Amino acid sequence: MKLTFNILILLFCMLCVSCEKYLNEKPSAKIATPSTLEDVQLLLKDYARLNAAHPNAAELASDNFYVNIQNLNSASERERKTYLWQENDEVGPFWTSPYRAIFISNIIMETVEKVEGGEESIKKNYYAQARFWRALYHYSLATLFCKPYSKESAETDLGIPLKITADINLIPQRSTVMETYEFIISEIQQALPHLDTDITVKYQPNRAGSYGFLSRIYLAMNDYTKAELYADSCLQIYSTLIDYNEINTSQNVPFQARNAEVILDVQASVASLLHRNRGHVDTFLLKSYSENDLRVPAFFTLNADKTRGFKGHYSGSSSAIQFVGIATDEIYLIKAECSARMGKTDLALKYLNLLLSKRIKKDTFVEVAETDPVKLLHIILLERRKELIARGLRWTDLRRLNQDEKYKETLKRKLGSDIYELLPGGDRYVFKIIKESVEFSGLTQNP
């Protein structure tokens with residue numbers, strides 16, 4: 001065990017050096033790599049580097065929260081520029097953290113391929129788990145550093161470098177958006193048969209979580225048929241919802257980590273600007289909740305200045321850690337949205353009301369009965385925003401909905417006399433690639 005620990009220490013020391021510039025500088029010392037299934041198991045259990053490596057940029061750049069000028073001025077330059085949608089190629093962990101996780105995933109997969117002996121089903125499961133993580137973190141990068149998926153331009157829009165080997169001497173250039181998404185989807189589909197259906201160990205990639213993740217991806221691609229199909233597959237395995245009538249909404253941390261709705265636990269650190277006493281919940285969003293909506297006391301805390309902060313993280317943290325994994329509430333809403341878009345009004349109402357019945361005070365709940373597909377879709381999209389606040393999903397929703405004239409939005413920040421805007425389809429909906437990767441690896445920079 002001591003030998004294994006030393007191996008992993010060496011691995012991560014090299015990793016921290018090389019990945020900061022995205023595989024641009026060769027390490028000066030030879031790396032000692034894992035070589036057994038026991039080593040692989042330890043790597044898969046490295047929660048901080050696999051489950052908790054998700055970037056937090058999406059929530060910071062979205063419109064769920066606002067900050068005052070004093071807190072903004074005291075923030076880091078990276079957070080400040082992200083919040084104000086300003087040009088910035090000093091994106092640090094937004095780029096490097098996902099690629100670290102991808103590097104570890106590649107190490108795991110290559111180790112499993114080399115191990116002689118061992119139970120074949122275990123080897124296939126470990127390989128599939130790593131493959132899932134490799135897909136998830138490529139997707140997290142795509143949502144920040146690529147244009148949103150569009151059928152019309154996906155074949156020519158620049159994607160991200162697809163890193164499919166741990167060899168740091170091989171430096172891939174940027175794929176297309178279509179190639180990026182095809183790769184991610186293929187990875188998950190190949191992993192699926194070898195993942196467990198049991199979700200007891202919620203930090204471990206599982207089949208239901210993979211179906212849910214595919215549903216999320218296809219929704220971002222505006223492929224509602226496949227998004228609904230995979231939402232169904234997910235809910236057939238696991239469909240539990242928490243009844244907010246039965247939780248203590250007055251608690252500082254109302255939700256436990258890996259609670260009954262969580263299918264796969266993935267986390268991101270909360271940007272310091274968005275900690276509950278600094279990141280104030282958007283006033284329009286707050287007004288959209290009804291008087292008897294239990295999400296208000298469960299999600300929000302009242303600050304001294306009468307603003308509202310967010311406490312309802314499914315991470316089990318009141319402020320520092322946000323949940324960005326797969327949970328049943330998101331899947332119910334994907335099912336409802338896709339059904340509404342395809343004219344299946346009864347089905348859309350069924351899944352929407354199943355969720356809302358667990359969110360509104362029991363004696364006051366009245367089912368949504370809207371049958372006009374356009375109006376129903378508006379209701380579902382609003383409920384999606386109200387339910388999935390602080391999950392890192394609003395950014396992707398803005399990007400995909402801006403492709404539809406009916407849902408385009410111009411985002412605005414007002415700080416003193418200054419007003420900052422992000423227009424639909426604006427350049428800052430695509431983050432600049434980290435400067436070092438452009439300089440050392442020759443990657444094409446975003447506008």
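This one's a predicted model, so the numbers in the text were calculated from it and none came from an experiment.
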Just by distance, no angles: are the side chains of [X] and [Y] close enough, under 3.5 Å, to form a donor-acceptor pair?
X: R174; Y: T444; result: no
X: T200; Y: D198; result: yes
X: N353; Y: S357; result: no
X: N51; Y: Q267; result: no
X: T180; Y: S175; result: yes
X: S186; Y: E182; result: no
X: S339; Y: E228; result: yes
X: N64; Y: E59; result: yes

How long is the gap from [atom1] on [X] to [atom2] on [Y], to the nearest 0.5 Å?
X: K163; Y: S105; atom1: NZ; atom2: OG; result: 12.5 Å
X: L219; Y: R341; atom1: CG; atom2: CZ; result: 7.5 Å
X: Y211; Y: I263; atom1: OH; atom2: CD1; result: 12.5 Å
X: F132; Y: R207; atom1: CZ; atom2: CZ; result: 13.5 Å

Check this for me: does any side-chain nitrogen of one of [X] and [Y] sit under 4.0 Å from a carboxylate oxygen of the other?
X: D265; Y: R258; result: yes
X: E330; Y: R391; result: no
X: E383; Y: R359; result: no
X: E409; Y: R394; result: yes
X: R78; Y: D89; result: no
X: R384; Y: D397; result: yes
X: R80; Y: E77; result: no
X: K45; Y: E38; result: no
X: E110; Y: R131; result: no
X: E120; Y: K124; result: no

Without swapping roles, check the side chain of [X] against the backbone of [Y] for a donor-acceptor pair under 3.5 Å.
X: K123; Y: V115; value: yes
X: R278; Y: S272; value: yes
X: R413; Y: Y83; value: yes
X: T301; Y: G309; value: no
X: E79; Y: L273; value: yes
X: N446; Y: F145; value: yes
X: S319; Y: R276; value: yes
X: N206; Y: L195; value: no
X: N125; Y: S121; value: no
X: S318; Y: N252; value: no

May I ask you to test the [X]-[Y] pair for a side-chain heavy-atom distance under 4.5 Å?
X: D157; Y: C146; answer: no
X: W133; Y: P205; answer: yes
X: H54; Y: S97; answer: no
X: Y218; Y: I185; answer: yes
X: N277; Y: H275; answer: yes
X: L355; Y: D329; answer: yes
X: D282; Y: R385; answer: yes
X: V266; Y: L50; answer: no

Could you check whether atom [atom1] of [X] has more than 12 heavy atoms from other residues, nucleotides or ligands sitting under 6.0 Å from it?
X: K151; atom1: NZ; answer: no
X: I164; atom1: CD1; answer: no
X: K147; atom1: NZ; answer: no
X: Q256; atom1: CD; answer: no
X: E155; atom1: CD; answer: no

Parallel, tilted or perpendicular, as decided by the 30° and 60° cut-offs, for the rings of [Y] and [X]:
X: F431; Y: W395; result: perpendicular
X: Y289; Y: F300; result: perpendicular
X: Y181; Y: Y149; result: perpendicular
X: F255; Y: Y244; result: tilted

Nearest heavy-atom pair of [X] and [Y]: which atoms, and what distance?
X: A340; Y: I380; result: CB-CD1, 3.8 Å
X: K386; Y: D293; result: CE-OD2, 4.2 Å
X: I107; Y: T111; result: O-OG1, 2.7 Å
X: Y66; Y: V281; result: CE2-O, 3.4 Å
X: A220; Y: T396; result: CB-CG2, 3.7 Å
X: L241; Y: T328; result: CD2-OG1, 3.6 Å

So, for [X] and [Y], is the gap between ring centers shorter than 6.0 Å?
X: F323; Y: H313; answer: no
X: Y230; Y: F213; answer: no
X: Y99; Y: Y137; answer: no

Subject >> Criterion salt bridge (Lys or Arg N to Asp or Glu O under 4.0 Å) against D232, the qualifying member of K344, K226, K335 >> reply: K335
**OP:** Dump the intermediate steps for salt bridge (charged side-chain N to carboxylate O under 4.0 Å, His left out) on E90 and K81, then the final yes or no.
**Re:** CA-CA 10 Å; E90 299 284 355; K81 286 187 173 181; over 6 Å; no
Subject >> N56 vs Q322, side-chain hydrogen bond (donor to acceptor under 3.5 Å, both in side chains): CA-CA, chis, key distance, verdict >> reply: CA-CA 9 Å; N56 60 21; Q322 67 183 92; 5.7 Å; no
**OP:** Report the C-alpha separation of Y127 and H194 in whole Å, then their side-chain angles, then the decisive distance to 0.1 Å, and conclude whether the ring pair (Phe, Tyr, Trp, His ring centres under 6.0 Å) test is met.
**Re:** CA-CA 8 Å; Y127 194 90; H194 307 293; 8.7 Å; no
